[in-house]
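Worksheet: one structure, shown below.
Please read all numbers here as calculations on a predicted model, not as lab measurements. The figures that follow rest on heavy atoms only: side chains count, while hydrogens, waters and symmetry mates do not.
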Amino acid sequence: MRRPVVVRVCAVILRGTRVLMVRHVEERREFWTLPGGGVEAGETPAQAVLREVAEETRLAGTVGPVLYERAYRSVDDRDVLETCFLVEVPPDARPEKGFDPELADDAQVIRQVGWRDLSLLAEDRQVSLALPHRDRLSVYRDSGLEF
């Protein structure tokens with residue numbers, strides 16, 4: 001029997017030509033990824049992305065436009081629907097390594113958060129999906145619209 005679709009979110013948080021990413025170290029793999037995770041029961045995707053940003057980076061943000069939506073099969077063979085949002089944080093905000101509240105203290109996988117140069121991330125699946133929308137992002141910022 002097929003398991004239910006996992007609905008997840010991720011956040012693109014930009015600072016100049018850098019994007020905020022989270023380094024995970026798991027049993028069989030290590031990787032950098034955008035802040036994000038699963039949408040909990042009763043949560044909207046926009047609420048979930050702000051919660052995930054706060055949990056993983058200790059930052060408070062404001063949700064912006066959706067940058068992409070995609071469906072894929074996860075490494076553990078689950079169907080996933082992912083929505084990626086632009087998230088704005090104050091320009092002087094400093095990220096800190098957060099946590100995954102679903103994991104015990106001795107099982108945490110988040111090892112580091114940091115700003116990574118976009119020019120070095122062309123091969124990153126999430127970043128490469130979001131990058132084509134960067135030009136559109138300046139229109140939102142310059143328009144004075146709040147999001």
Go through the steps for His24 and Ile110 under the test side chain to side chain contact (heavy atoms under 4.5 Å, CB included), then give the verdict. CA-CA 5 Å; His24 286 238; Ile110 297 172; 4.2 Å; yes
Val109 side chain near Val25 side chain, heavy-atom distance below 4.5 Å: no
Given Val89, which of Leu59, Thr62, Leu20 fulfils the side-chain contact (heavy atoms from CB on, under 4.5 Å) condition? Leu59
Quick one: does any side-chain atom of Glu56 pair with a main-chain N or O of Gly36 as donor and acceptor, under 3.5 Å? yes
Glu102 and Glu40, any side-chain heavy atoms less than 4.5 Å apart: yes
If I compare all heavy atoms of Ala130 with all of Tyr68, which pair ends up nearest, and what's the gap? N-CD2, 3.9 Å
Between the CD atom in Glu43 and the CD atom in Glu52, the distance rounded to the nearest 0.5 Å is 7.5 Å
Below 4.5 Å, heavy atoms only, C-beta onward: do Cys84 and Leu129 meet side chain to side chain? no
So with a 6.0 Å cut-off around CD of Glu26, is the heavy-atom count from everything else above 12? yes
Test side chain to side chain contact (heavy atoms under 4.5 Å, CB included) on Thr33 and Gln126; report intermediate values, then the result. CA-CA 8 Å; Thr33 187; Gln126 292 174 316; 2.9 Å; yes
Asp124 vs Trp32, side chain to side chain contact (heavy atoms under 4.5 Å, CB included): CA-CA, chis, key distance, verdict: CA-CA 9 Å; Asp124 182 276; Trp32 285 89; 5.6 Å; no
Report yes or no: is the cationic atom of Arg70 (NZ for Lys, CZ for Arg) closer than 6.0 Å to the six-membered ring centre of Tyr72, at no more than 45° off its axis? yes
To the closest 0.5 Å, what do you measure between CG (Leu118) and CE (Met21)? 9.0 Å
Pair Asp79-Arg73, side chain to side chain contact (heavy atoms under 4.5 Å, CB included): steps then yes or no: CA-CA 5 Å; Asp79 291 322; Arg73 179 79 40 104; 2.8 Å; yes
For Asp92, side-chain contact (heavy atoms from CB on, under 4.5 Å) partners two or more places apart: Pro90
Tell me whether Glu30 is salt-bridged to Arg111, with the criterion being a basic N under 4.0 Å from an acidic carboxylate O. no
Backbone N or O of Ala54 within a donor-acceptor pair of the Thr57 side chain at under 3.5 Å? no
Check whether any side-chain heavy atom of Phe99 sits under 4.5 Å from a side-chain heavy atom of Arg58, and report yes or no. yes
